[in-house]
Amino acid sequence: MKAYSEMTPAEVEAEFRKIRAEYDAIKAKKLQIDMSRGKPGSDQLCLSDGMNFVFDDGNYLCENGMDARNYGMPDGIPECRRLFADLLGVRPEDVILGGNSSLQLMYDFIAQCLYSGCGFTPWAKQGKVRFLCPCPGYDRHFAMLEYFGIEMVNIDMLLTGPDMDQVEKAVQDPMVKGMFVVPKYSNPLGITFSDETVRRIANLSPAADDFRIIWDNAYLVHDLTDTPDVLLNIFDVLPNRNRDMVVEVASTSKISYPGAGVSCIASSPANLQHIRERLSKQIISYDKVNMLRHTRYFKDVAGIREQMKKHAAILKPKFDAVLEGLERDLGGLGVASWTKPNGGYFISLDVLACIATRVGVFCAEAGLKLTPVGATFPYRLDPHDRNIRIAPTYPTPEVLKQAVEILTVSVRLACLEALCPGGVK
Ligand SMILES: Cc1ncc(COP(=O)(O)O)c(C=O)c1O
């Protein structure tokens, strides 16, 4: 297709008329499609239903002989800690298990740092604290920081991870206390941090000795292809002086059930001790029957990897449908670029500057609900009004085809509108 920038004014006007007619025809179908959140489809949830039968024999005893239904084992049951430790590449004693949500573990950790500290003066007593936010990023990280009144500092995301020149400079500010990152198949770009980025993060020299990195490894085994990205284990390259700097979280939300999975937090012995002290006031123990259910069902990392292949078989055609649609309808027009992830839950679409909001409006009016434009940036402010997060996992492939059609026609229409500010007859 000819790039819009190479078209004559007459050609642009003709294209505008054609695309506007296509858009009106799609709008007339009165579709209602929700592509706003990265959640698994019900066929994916069914993959884990076997979990619900592991107690048919009435045996709730853990490998240490303790009853999973009762109080006790505040760090989580040993076999499940071992499973998560193997997944993360750390020792079981470096892991505490949580409830069904890693987001909750992150929230509780930040709240602890703010109001009680984690072996340091509580951040809230130190003045206005800041967090580095590589973006585009995960909207719920940003919403959490905003909720706590922590100032967010934008850091550009590159295809290798956060722009480390910016990060190394920003951590010279002693009020910069932390950074949220999604190191593998990041939300929404779907990229994995390069080894060099991981090493540079591990070797940071922040001015604040209470600087903490939330290493949100939500997509650690969520590969879509036979040539998955490989993430360097940050704990393997963390110098001793930074041993308390990294706090990793993960969960089985997109391995088993998002509504009923198991989460974990892994960090240094000192950090875990402070977390344990707080937990001892907060909860007697998380849901250990669920931990046992997961461990009996998946057994080990190999069991989880088998499960992830089944997820990939469902998800890959959906990602392919979106990527093919984008290439077919937008390729060569010079108005958009997008990521082609090897895993995770998202594709990130960048359109011409200043038109993403307009694309969102066109999509909404034609019945396609997207993640709100801007949500991938702190304070919901995309400085270039360019980024759109595509979440292809939930709709069926047929619905997804319609969704991509609405999206690409909306992108073209918004661009043409910008190119023909006076409109066309
Ligand atoms: C990067 C990232 N972290 C965390 C979560 C939520 O995880 P959980 O279900 O364990 O709270 C998501 C869900 O979309 C995510 O994309």
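Just so you know, ligand 1 is whichever comes first in the structure, and atom 1 is the first atom listed for that ligand.
Ion pairing of Arg380 with Glu146 is present here, as a side-chain N (NZ or NE/NH1/NH2) and a carboxylate O approach within less than 4.0 Å.
The 12-atom threshold is exceeded at CG of Asp236, counting heavy atoms of other residues, nucleotides or ligands nearer than 6.0 Å.
For ligand 1, the polar-atom distance check against Ser102 finds a nitrogen or oxygen pair separated by under 3.5 Å. Taking any N or O of Phe346, backbone or side chain, none lies under 3.5 Å from an N or O belonging to ligand 1. Considering backbone and side-chain atoms alike, Gln104 places every N or O at 3.5 Å or more from each N or O of ligand 1.
In terms of protein heavy-atom proximity, atom 14 (O) of ligand 1 is closest to Lys254 NZ, 2.7 Å. With hydrogens left out, the protein atom closest to atom 9 (O) of ligand 1 is Ser253 OG, 2.6 Å, a heavy atom. Counting protein heavy atoms only, atom 16 (O) of ligand 1 is closest to Tyr219 OH, 2.6 Å. Here the protein heavy atom with the shortest distance to atom 3 (N) of ligand 1 is Asp216 OD2, 2.5 Å.
The closest heavy-atom contact to atom 6 (C) of ligand 1, among the options Tyr107, Tyr138, Tyr257, comes from Tyr138. If you check each of Ala218, Gly261, Ser101 against atom 11 (O) of ligand 1, the one with the closest non-hydrogen atom is Ser101.
Taking the ring axis of Phe211 as reference, the NZ or CZ atom of Lys177 does not stay both within 45° of it and closer than 6.0 Å to the ring centre. A cation-pi arrangement is absent between Arg81 and Phe84 under the rule of less than 6.0 angstrom and at most 45 degrees off the ring axis.
Put simply, the side chain of Leu87 reaches to within 4.5 Å of the side chain of Leu220, judged on heavy atoms.
Residue Ser251 has at least one heavy-atom neighbour below 4.0 Å for each of these atoms of ligand 1: 8 (P), 10 (O). Those atoms of ligand 1 with a heavy atom of Val182 less than 4.0 angstrom away are 1 (C).
With a heavy-atom cut-off of 4.0 Å, Leu103 touches ligand 1 through backbone and side chain alike.
Of the possible polar contacts, none joining the Lys29 side chain to the Ala25 backbone as a donor-acceptor pair under 3.5 Å is found. Side-chain N or O atoms of Thr192 include one that pairs as donor or acceptor with a backbone N or O of Tyr185 at under 3.5 Å.
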**OP:** Carefully, step by step, assess Phe235 and Trp215 under the rule ring pair (Phe, Tyr, Trp, His ring centres under 6.0 Å).
**Re:** CA-CA 11 Å; Phe235 291 114; Trp215 195 256; 8.1 Å; no
